[in-house]
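Only one structure is covered here, and it is reproduced in the block below.
The figures here come from the full heavy-atom set of this structure, side chains too, leaving out hydrogens, waters and symmetry mates.
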Amino acid sequence: MNKKVRVRFAPSPTGPLHIGGVRTALYNYLFAKQHGGDMLLRIEDTDSARFVPGAEEYIVEALNWLGIKIDEGIGAEKQGKHTPYRQSERKDIYRKYVDQLLEKKLAYIAFDTPTDLETKRAEIANFQYDASTRDLMTNSLTLSEEAVNSRLQNGEQYVVRIKIEPNQEIKVQDLIRGEVIVNSSVIDDKVLFKSVDGLPTYHLANVVDDYLMEISHVIRGEEWLPSAPLHVLLYRYLNWTDVMPQFAHLPLLLKPDGNGKLSKRDGDRLGFPVFPLNWKDSKTGETSSGYREAGYFPEAVVNFLSLLGWNSGTEQEIFSMDELINLFSLERVSKSGAKFDYEKGKWFNHKYLQNKPIDEIADLFQHILIQKDIIEDWEKVKKIVELVRERANFITDLWVQSSFFFVAPISYDEKTVQKRWKAETPRQMEELIDLLNAIDDFTAENTEELTKKWIAENEYNMGGIMNAFRLAIVGEPKGPHMFDIISLIGKEETIERIKNAIKLIV
RNA sequence: GGUCCAUUCGUCUAUCGGUUAGGACGCCAGGUUUUCAUCCUGGAAAGAGGGGUUCGACUCCCCUAUGGACUACCA
């Protein structure tokens with residue numbers, strides 16, 4: 001049976017989308033597109049207590065930015081035929097399946113309060129609510145029917161738990177890991193539904209929704225692997241095994257140093273973003289930085305992320321989204337977790353910065369200039385970008401690398417002054433002023449030729465002159481070819497700066 | 001503690017029984033250069049340990065070790 005490929009990304013709106021989540025979304029997308037399938041976005045907000053306003057919008061915006069297009073569900077152009085795609089709005093749908101399980105005695109009602117459970121856990125070491133302990137608890141298996149009904153009529157809070165038969169082998173076929181076998185005895189009677197808010201828990205909701213939304217492949221993080229057998233069981237209990245999706249559990253993204261899952265704190269600690277976009281926490285007011293605002297190209301982030309846990313089998317490193325769609329395969333996803341290497345992320349952005357059309361880069365840079373109240377001629381901006389982009393990793397680096405094109409130095413790098421500004425330098429610079437002043441054709445080629453001639457004729461030291469010259473014009477020992485710089489800033493400005501340097505450097 | 005998953009250079013990874021164990025990031029050295037950077041060339045750098053299976057194991061199996069995930073009326 002070959003059903004249409006339909007995958008879903010199903011985050012819960014508890015905050016900004018984590019970079020690991022982004023990768024999961026990306027792999028889902030690549031897989032779907034390769035097979036001509038659909039990518040759905042479903043919001044799993046069954047925990048009303050953890051809902052964070054703005055999180056859903058953030059997720060949609062982030063995926064949009066990255067070029068991960070949603071075919072159906074939240075954020076899609078047209079939502080699709082399985083609406084709604086927010087689980088909190090699907091309450092009525094789940095109730096039916098809860099009742100079905102209850103009727104078939106595959107689930108039961110439990111009245112134990114959180115404190116009851118706590119005390120039990122304290123009492124019994126490694127307590128697990130399952131076949132071995134449910135007789136000790138307050139539920140519809142231990143209470144009489146009348147007792148249960150009267151409790152319900154009194155409006156007592158309850159949950160519905162799945163009833164798991166102990167000692168059964170449950171097999172999960174995983175596309176990345178192969179067959180995983182778990183004994184049902186180690187799975188507890190998970191809560192499927194809570195009366196407090198009338199909502200199911202994740203386990204029931206995701207199974208029901210994946211079934212109703214005709215999901216063909218569930219591609220999610222490895223943290224779900226331990227509960228996958230429970231989900232398989234649920235498909236069995238609901239008689240849906242014939243249309244059960246295939247599972248693929250992705251390896252985790254790990255901290256760059258030490259061990260463990262990559263977390264928000266690592267970003268703060270090590271100084272790199274762990275979110276796609278900036279996020280401002282409305283409670284604490286603190287902002288977490290995102291890749292977009294840090295100056296990354298979405299293509300670079302996608303490329304970088306795609307290789308964290310997958311590889312093409314070739315030695316190619318740079319991939320466009322289309323190439324990724326073509327080449328991606330779950331079989332080539334690695335099984336072990338990948339440490340997050342931020343340095344390599346920077347390198348990817350550098351590559352994209354070099355390879356993009358100059359107009360695109362210049363346009364982005366001009367926006368930065370405008371924010372700094374610098375209005376500059378488009379052609380000139382393009383030339384400047386051309387000259388400095390190779391020394392930049394990010395659009396934002398461009399300013400650091402080129403600010404001297406727009407603003408004359410107000411101070412001079414001390415070390416360089418000591419090393420490059422000698423006693424005879426002011427006199428030589430005066431001569432240089434005279435020389436440049438007499439040049440009408442101020443192109444880089446011409447000024448270079450004449451300046452070098454002058455240096456040779458006077459038997460000056462090339463490095464000595466040029467480095468002092470640079471110091472006067474740039475203020476620091478950096479930047480592109482000197483004659484390219486002065487041709488762009490012009491004769492007057494060049495001479496002005498040399499004069500200033502002679503005056504200011506002691 | 002229990003269950004499950006994993007283990008090749010510092011990092012991401014290639015290898016699907018026979019290779020001088022390859023590439024990339026980073027690092028180091030040299031070259032290019034008037035500076036910084038880029039770029040080019042080169043270099044150091046790896047199969048967790050122990051048993052098997054096999055003519056031959058990084059590759060297959062087992063054990064140990066290590067790491068991770070999960071173990072909620074969270075997802």
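- When the nucleotides C25(B), C4(B), U35(B) are ranked by their closest atom to the side chain of R470(A), U35(B) comes out on top.
- Of the C1' atoms belonging to G26(B) and A44(B), the separation is 13 Å, rounded to the nearest Å.
- Taking side-chain N and O atoms only, T201(A) has no distance below 4.0 Å to OP1 or OP2 of C73(B).
- With 3.5 Å as the limit, one finds no donor-acceptor pair spanning the side chains of N154(A) and E156(A).
- Residue contacts shown for G345(A) are absent, as no nucleic acid heavy atom lies under 4.0 Å away.
- Minimum atom distance to the side chain of S336(A) is reached by A6(B), of the listed U35(B), A6(B), G10(B).
- Remark: A37(B) base-pairs with no nucleotide; criterion is Watson-Crick or G-U wobble with both hydrogen-bond distances under 3.5 Å.
- At whole-Å resolution of the value, CG in D116(A) and P in C73(B) are 12 Å apart.
- If you check every strand for non-hydrogen atoms under 4.0 Å, D45(A) touches nothing.
- Between F483(A) atom CZ and U35(B) atom C1' there is a gap of 13 Å when expressed in whole angstrom units.
- Contact annotation for V159(A): base contact, defined as any heavy-atom pair under 4.0 Å involving a base atom.
- Base contact: V196(A) has a heavy atom under 4.0 Å from a base atom.
- Using a 4.0 Å heavy-atom criterion, one finds that R177(A) contacts the sugar-phosphate atoms exclusively.
- Within 4.0 Å (heavy atoms only), K261(A) reaches sugar-phosphate atoms of the nucleic acid but no base atom.
- Place M462(A) and P226(A) on RNA chain B by their nearest nucleotides, and M462(A) ends up nearer the 5' end.
- Contact annotation: N311(A) reaches the phosphate of A14(B) (side-chain N/O to OP1 or OP2, under 4.0 Å).
- Residue order along RNA chain B, read from the 5' end via each residue's closest nucleotide, puts G463(A) first among K194(A) and G463(A).
- Side-chain contact annotation: D112(A) with Y129(A), donor-acceptor N/O pair under 3.5 Å present.
- In this model, a side-chain donor or acceptor of K344(A) finds a partner on the base of A24(B) within 3.5 Å.
- In this structure, R220(A) reaches neither bases nor backbone, as no heavy-atom distance under 4.0 Å exists between it and the strands shown.
- Note that CD of Q354(A) and CG of N393(A) are 8.0 Å apart. Values are rounded to the nearest 0.5 Å.
- Nucleic acid contact class of P11(A) (heavy atoms, under 4.0 Å, all strands): none.
- Between R161(A) and the phosphate of C73(B), there is a side-chain N or O to OP1/OP2 separation shorter than 4.0 Å.
- In this structure, S195(A) reaches neither bases nor backbone, as no heavy-atom distance under 4.0 Å exists between it and the strands shown.
- Counting heavy-atom neighbours within 6.0 Å of E424(A) CD, excluding the residue itself, gives a total above 12.
- A cation-pi arrangement is present between R23(A) and Y27(A) under the rule of less than 6.0 angstrom and at most 45 degrees off the ring axis.
- Distances shorter than 4.0 Å separate some side-chain N or O of T46(A) from OP1 or OP2 on A75(B).
- R332(A) has a side-chain polar atom (N or O) that falls below the 4.0 Å cut-off from OP1 or OP2 of U15(B).
- Of the candidate nucleotides C12(B), A75(B), G26(B), C12(B) has the atom lying nearest to any side-chain atom of A338(A).
- Of the listed residues (F340(A), F319(A), Y291(A)), just one forms a ring-ring contact (aromatic ring centres under 6.0 Å, His included) with F304(A), and that residue is F340(A).
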Under a 4.0 Å heavy-atom criterion, the protein footprint on nucleotides 37-45 of chain B, written with B, S and -, is BSS------

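- Note on N126(A): a base of the nucleic acid sits closer than 4.0 angstrom, heavy atoms only.
- The aromatic ring centres of W347(A) and Y352(A) sit 6.0 Å or more apart.
- Rounded to a whole Å, the CG atom of D341(A) is 10 Å from the P atom of U11(B).
- When both pairing distances are held under 3.5 Å, C16(B) makes no Watson-Crick or G-U pair with any nucleotide shown.
- Cation-pi geometry between R151(A) and F111(A) is met: under 6.0 angstrom from the ring centre, within 45 degrees of the axis.
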